[in-house]
Amino acid sequence: MKKYTIVGLDCANCAQKIEDKLNKLDEVKECTIQFASSTLFIDASDELTDKRILNVIQSVEPDASLEEKGKKHHKSHDHKHHHEHEEENHLHNSECNL
């Protein structure tokens, strides 16, 4: 099982959508996201690349990035949320208290 940090994940609803999409991939045995720590746990075959995982994440959170747990990259992150959702009542940041 691999662990990653999803940088720029600021919505529990988005975390759930990403988790659902990753779990639908044939290469994924199990995937969970702990929103509070922005941690992605994924058990998948070796065919699933970090790039493909990131593509799934960015289909929901376009400005997000992925870091393998333990590898820290210090860079400024100016998060602008401009993706489309099926739901019109989607809230972010302090408004998203699920």
Side-chain angles (χ1 to χ4, degrees):
M1 177 154 319
K2 289 187 175 183
K3 289 194 277 188
Y4 298 90
T5 298
I6 303 174
V7 178
L9 181 64
D10 62 358
C11 172
N13 188 35
C14 291
Q16 186 61 55
K17 287 181 182 184
I18 293 166
E19 184 178 306
D20 292 345
K21 284 185 170 200
L22 287 169
N23 274 310
K24 288 180 183 175
L25 297 178
D26 290 336
E27 300 90 349
V28 175
K29 296 172 190 157
E30 182 181 4
C31 169
T32 57
I33 296 176
Q34 290 180 349
F35 172 67
S37 63
S38 296
T39 303
L40 164 67
F41 298 90
I42 191 162
D43 185 6
S45 68
D46 291 337
E47 288 89 40
L48 184 65
T49 63
D50 290 355
K51 174 86 172 145
R52 184 143 181 236
I53 295 169
L54 180 60
N55 286 341
V56 171
I57 291 168
Q58 289 181 337
S59 73
V60 177
E61 287 276 12
D63 296 326
S65 62
L66 188 66
E67 295 178 359
E68 193 164 350
K69 205 72 165 167
K71 295 181 182 178
K72 300 279 183 185
H73 301 282
H74 297 287
K75 57 184 172 185
S76 171
H77 183 74
D78 182 19
H79 185 79
K80 292 181 179 140
H81 224 89
H82 46 49
H83 59 271
E84 296 178 24
H85 288 281
E86 311 90 47
E87 304 162 326
E88 293 184 23
N89 295 327
H90 187 76
L91 304 175
H92 283 92
N93 299 327
S94 61
E95 297 172 2
C96 192
N97 296 318
L98 299 177

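Residues: numbered from 1 along the sequence shown.
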*Side chains of L9 and I18 in contact at under 4.5 Å (non-hydrogen atoms)*: yes
_Gap separating the NZ atom of K69 from the OH atom of Y4, nearest 0.5 angstrom_ = 12.5 Å
*Distance in Å, T49 OG1 paired with N55 CG, rounded so as to fall on 0.5 Å steps*: 7.5 Å
_Rounded to the nearest 0.5 Å, what separates atom CD in E19 from atom CD1 in I42?_
10.0 Å
_Student check: side-chain heavy atoms of Q34 and F41 closer than 4.5 Å_ = yes
_If you compare all heavy atoms of V28 against all heavy atoms of L22, which two are closest, and at what distance to 0.1 Å?_
CG2-O, 3.2 Å
*Those residues that, when tested against E27, pass salt bridge (charged side-chain N to carboxylate O under 4.0 Å, His left out) (two or more places apart)*: R52
_Atom of F35, atom of A15 and distance for their closest heavy-atom approach_ = CD1-CB, 4.1 Å
*Spacing of D50 atom CG and K2 atom NZ [to the nearest 0.5 Å]*: 5.0 Å
*Got a second to check how far L66's CG is from E61's CD, nearest 0.5 Å?*
12.5 Å
_Sidechain-backbone polar pair: N23 side chain, C31 backbone, donor-acceptor under 3.5 Å_ = yes
*About how many Å separate NZ of K29 and CG of L48, when rounded to the nearest 0.5 Å?*
11.0 Å
*With no hydrogens and no angle check, do the side chains of T39 and K3 hold a donor and an acceptor under 3.5 Å apart?*
no
*Might you point out which heavy atoms bring S65 and L54 nearest each other, and give the distance in Å?*
CA-CD1, 4.0 Å
